[in-house]
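These notes concern the structure reproduced below.
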Amino acid sequence: QVQLVESGGGSAQPGGSLRLSCVGQGYTLDRYAIGWFRQAPGKERDGVACISTLNDNDNQVYSDSVKGRFTISFDKLQNTVHLQMNSLKPEDTGVYYCGARKLDYSGRYFHMNPADFASWGRGTQVTVSS
């Protein structure tokens, strides 16, 4: 299974920005769906954004809560998926995990179901408060 490592978490004020990164170690990520998931204390892990690294230009999915504020992207040279988070809100607080799912023959994936993802990083904490 692909090994994933997240980085870039930290603290920010409401309205601020953070950029998370998810790098594949020892594996190329060019045929995976990579998703960012958020888990707040006492809550389930929810999908935030997802991208197909094979069709990264037109296969990006966002949850309604982050649409227009977060942007997911794939840097093939760095083998890294980034999550740019702007206009942060306190409700964005949580541990952010990236997950990987091998793409099927279609090369696309449009769901953010955590059960569909076989590989996970250890997570990075994001705290938004004033």
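Just the heavy atoms: all of them, side chains too, but no hydrogens, waters or symmetry mates, feed the values below. Positions are given from 1 along the sequence.
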_Enumerate the salt bridge (Lys or Arg N to Asp or Glu O under 4.0 Å) contacts for residues 99-109, please, sequence neighbours excluded, ordered by first and then second residue._
Asp58-Arg108

_Heavy-atom pair with the smallest gap, counting every atom of Ser17 and Asn86_ = OG-OD1, 2.9 Å

*Could you tell me whether the side chain of Phe117 reaches within less than 4.5 Å of the side chain of Ile34, counting heavy atoms only?*
no

*Evaluate the ring planes of Trp120 and Phe37, with Trp represented by its six-membered ring, and classify them as parallel (under 30°), tilted (30 to 60°) or perpendicular (over 60°).*
perpendicular

*Do the non-hydrogen side-chain atoms of Ser65 and Glu91 ever get within less than 4.5 Å of each other?*
no

_Is the shortest side-chain heavy-atom distance between Pro14 and Pro90 below 4.5 Å?_
yes

_For a 4.5 angstrom cut-off between non-hydrogen side-chain atoms, does Val128 reach Lys89?_
no

_side-chain contact (heavy atoms from CB on, under 4.5 Å) partners of Ser87, counting only residues at least two apart_ = Arg69

_Sub-6.0 Å ring centroid separation between Phe74 and Tyr32_ = no

*Salt bridge Lys67-Asp64, side-chain N to carboxylate O under 4.0 Å*: yes

*asked:* Is there a side-chain contact between Leu20 and Val126 in this structure, where contact means two heavy atoms from C-beta onward sitting under 4.5 Å apart?
replied: yes

*Go through the steps for Leu88 and Gln13 under the test side-chain contact (heavy atoms from CB on, under 4.5 Å), then give the verdict.*
CA-CA 7 Å; Leu88 284 164; Gln13 293 187 338; over 6 Å; no

*Flag for Asp30-Thr53: side-chain donor and acceptor within less than 3.5 Å*: no

*May I ask you to decide if Gly107's main-chain N or O and Ser52's side chain share a donor-acceptor pair within less than 3.5 Å?*
yes

*Hphob cluster co-occupancy, Ile72 + Val23, side-chain heavy atoms under 4.5 angstrom*: no

*Would you check if Ile51 and Gln60 make a side-chain contact, meaning some heavy-atom pair closer than 4.5 Å?*
yes

*Between Ser119 and Gln3, is there a donor-acceptor pair closer than 3.5 Å when you use the side chain of the first and the backbone of the second?*
no

*Taking C-beta and beyond as the side chain, do Met85 and Val48 meet within less than 4.5 Å on heavy atoms?*
no

*Under the side-chain contact (heavy atoms from CB on, under 4.5 Å) rule, what do Trp36 and Val81 come out as? Steps first, then yes or no, please.*
CA-CA 9 Å; Trp36 281 100; Val81 172; 3.8 Å; yes

*Check for a donor-acceptor pair, side chain of Tyr109 on one end and backbone N or O of His111 on the other, with a separation under 3.5 Å.*
yes

*If only atom types and distance count, is the side chain of Glu6 paired as donor or acceptor with the main-chain N or O of Arg122 below 3.5 Å?*
yes

